[in-house]
Amino acid sequence: DFEHTRRLVRMLNIAGTRPTLLTVRDAGHAFETLDDVEAVWTGVAGFLRRRGMTVRRIAALPTYAFVRPNFQLPPFNDVRARQALALIIDQNEMMPAVAGADGRWSVCHSFSVCGSVYGTEAGSDAFRRTDVARARQLLAEAGYRGEPLVLLGTTTLAPINVMTQVLARRLQDAGVNVDVQMTDFPTMLQRMHAQDRPIGQGGYHLFAYYATGTSWFHPLMNLSLDVSCGTRNWAGYPCDAQGEQLRQAFFAAPDDASRRAAFEALQRRAWEYLPYVPAGQFDVFSAYRPGVTGVLDATFIAYWNIEKR
């Protein structure tokens, strides 16, 4: 509805913005004229609630966090190194850092999204507790000898920034020589998708990432579950013929019950192969003034059906 949407005169996405910026009375973004905030990150939700704004998750599912290794370079082309990575990631440490004191988060060992129709955690028992000593041993068995491992990150997006810092510390605890390379987000994306780049020429070893749960819960939309060979899949470029066969079996399943069974088989294989390591899930809030009505539940704020009274 164009007429209703037109009446929302002040809209601002404050991902990663400090709360104090909202009280600045310049550039037309003074708090008193702020009607809508699409993405509210760490530390901002409480600030907005105390000023009378409605703050809630409008998406049906939480946001999904994970760590993706580069399968084209050692040591993570060896499954033992990926197992080591799974044994050092502590979701109970990472998710509170991402969500903040006023946020909501949960532990999830699914390759879908916990709370969704495919949110099984089958096959994850061996990786539900951290084991730094075992991780060190596995890294050594995979051939790691203390060379710098490049961890990509960005300060542009607050969740990735925080996850990268926590991950770097956990890797260091396991004896890894970590080279954290922070860039703007477009540069990070470009480097993530580069193929066959050696270290020092744009290559990297791993990165932390997150995705909207309403798309990532399903194997058709979860790009990181595509383990087809031939480097036509998503960044990191895993290749697992067995896993891809199971993914295709999910697509071919004729009904809901058989799809759930097919996904559980895919989930169990994913914990064996580890195309990525689940890092937990958290809520991304949206916020709007009491006078703004008609905000629909959706993955993102849909600027339709909204009216400012």
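Basis for what follows: all heavy atoms, side chains included, without hydrogens, waters or symmetry-related copies. Throughout, residue positions are numbered sequentially from 1 according to the sequence presented. These numbers were taken from a predicted model, which means no experiment stands behind them.
- There is no side-chain donor-acceptor pair under 3.5 Å between Y118 and N222.
- No side-chain donor from either of Y144 and R80 sits under 3.5 Å from a side-chain acceptor of the other.
- Note that R268 lies outside the cation-pi zone of F263, set by a 6.0 Å cut-off to the ring centre and a 45° limit from the axis.
- Residues A168 and V180 share a closest heavy-atom pair of CB-CG2, 3.7 Å.
- Taking hydrophobic clusters as Ile, Leu, Val, Met, Phe, Trp and Tyr residues chained together by side-chain heavy-atom distances below 4.5 Å, L138 does not share a cluster with V79.
- Taking 4.5 Å as the limit, some side-chain heavy atom of S110 sits within range of a side-chain heavy atom of Q267.
- Closest heavy-atom contact between H205 and P75: CD2-CD, 4.0 Å.
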Derivation and outcome, salt bridge (Lys or Arg N to Asp or Glu O under 4.0 Å), residues D297 and R56: CA-CA 10 Å; D297 288 347; R56 69 182 182 92; 2.7 Å; yes
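- Side-chain contact of T156 with T154: a donor-acceptor pair under 3.5 Å is present, judged by distance alone.
- Residues Y237 and L152 fall into different hydrophobic clusters, defined by Ile, Leu, Val, Met, Phe, Trp and Tyr side chains chained together at heavy-atom separations under 4.5 Å.
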Intermediate values then yes/no, ring pair (Phe, Tyr, Trp, His ring centres under 6.0 Å), F71 and Y273: CA-CA 11 Å; F71 290 75; Y273 179 76; 5.6 Å; yes
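- The side-chain heavy atoms of W234 and D226, taken from C-beta on, include no pair separated by under 4.5 Å.
- M94 and M163 make their closest contact through CE-O, 3.7 Å (heavy atoms, listed as atom of the first residue, atom of the second, distance).
- Contact annotation: the side chain of F207 approaches that of M188 to within less than 4.5 Å [non-hydrogen atoms, C-beta and beyond].
- Once rounded to the nearest 0.5 Å, the distance linking CD1 of I89 with CG of L167 reads 5.5 Å.
- Within the model, atoms SG of C229 and CG of D240 stand 7.0 Å from one another, a figure rounded to the nearest 0.5 Å.
- Comment: R136 does not engage D173 in a salt bridge, judged by the lack of any side-chain N to carboxylate O separation of less than 4.0 angstrom.
- Side-chain contact between F47 and M53 is absent, with no heavy-atom pair separated by less than 4.5 Å.
- One N or O on the side chain of Q91 and one on the backbone of P278 form a donor-acceptor pair closer than 3.5 Å.
- Under the 3.5 Å distance criterion, with hydrogens and angles disregarded, a donor-acceptor pair is assigned to the side chains of R191 and Q181.
- The closest donor-acceptor contact from the side chain of R289 to the backbone of G291 lies at 3.5 Å or more, if one exists at all.
- Here the shortest heavy-atom pairing between A235 and M192 reads CB-O, 3.4 Å.
- The shortest distance between side-chain heavy atoms of L206 and L171 falls below 4.5 Å.
- With rounding to the nearest 0.5 Å, the separation of CD1 in I58 from CG in D283 is 11.5 Å.
- Although no hydrogens or angles enter the test, the distance criterion places a donor-acceptor pair under 3.5 Å between the side chain of T164 and the main chain of I160.
- In summary, the side chains of T231 and Q195 do present a donor paired with an acceptor at a separation below 3.5 Å, with no hydrogens or angles considered.
- At least one cation-pi condition fails for R247 and F251: the charged atom is not both under 6.0 angstrom from the six-membered ring centre and inside a 45 degree cone around its axis.
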Pair V107-N92, side chain to side chain contact (heavy atoms under 4.5 Å, CB included): steps then yes or no: CA-CA 7 Å; V107 169; N92 286 293; 3.5 Å; yes
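- Linking ILVMFWY residues whenever their side-chain heavy atoms come closer than 4.5 Å, directly or via other members, places F282 and V166 in the same cluster.
- Atom-to-atom distance recorded for F66:CZ and Y209:OH is 7.0 Å, nearest 0.5 angstrom.
- Residues G213 and L61 come closest through the heavy atom pair O-CD1, 3.6 Å.
- With a 4.5 Å cut-off on side-chain heavy atoms, F217 and Y64 do not count as touching.
- Sparse packing is recorded around CD of Q245, with 12 or fewer heavy atoms of other residues, nucleotides or ligands lying under 6.0 Å away.
- Remark: the backbone N or O of F111 is paired with a side-chain donor or acceptor of Y276 at under 3.5 angstrom.
- Linking ILVMFWY side-chain heavy atoms closer than 4.5 Å, directly or via other members, places M221 and L225 in two distinct hydrophobic clusters.
- Side chain of W271 to main chain of A126: no donor-acceptor pair is present (N/O by atom type, distance under 3.5 Å, no hydrogens or angles).
- The shortest distance between side-chain heavy atoms of R260 and D256 falls below 4.5 Å.
- Of all the heavy atoms in D196 and Q72, the pair that sits closest is N-OE1, 2.8 Å.
- Within 6.0 Å of the CZ atom in R128, the count of heavy atoms belonging to other residues, nucleotides or ligands exceeds 12.
- In the model, R134 has a side-chain atom that pairs as donor or acceptor with a side-chain atom of Q137 under 3.5 Å.
- Proximity of a side-chain donor or acceptor of R269 to a complementary backbone N or O of A265 within less than 3.5 Å is not detected.
- Between the side chain of N305 and the main chain of G294, a donor-acceptor pair closer than 3.5 Å is present.
- Two residues are said to be in side-chain contact when any heavy atoms from C-beta on lie closer than 4.5 Å; D179 and L151 fail this criterion.
- Side-chain atoms of T63 and W216 form no donor-acceptor pair, as typed in the model, at a separation below 3.5 Å.
- Contact check on R145 versus E147 returns no salt bridge, with no Lys/Arg side-chain nitrogen under 4.0 Å from an Asp/Glu carboxylate oxygen.
- Under the 4.5 Å side-chain contact rule for hydrophobic residues, L223 and V227 do not share a cluster.
- Within a 6.0 Å sphere centred on CD of E141, other residues, nucleotides and ligands contribute more than 12 heavy atoms.
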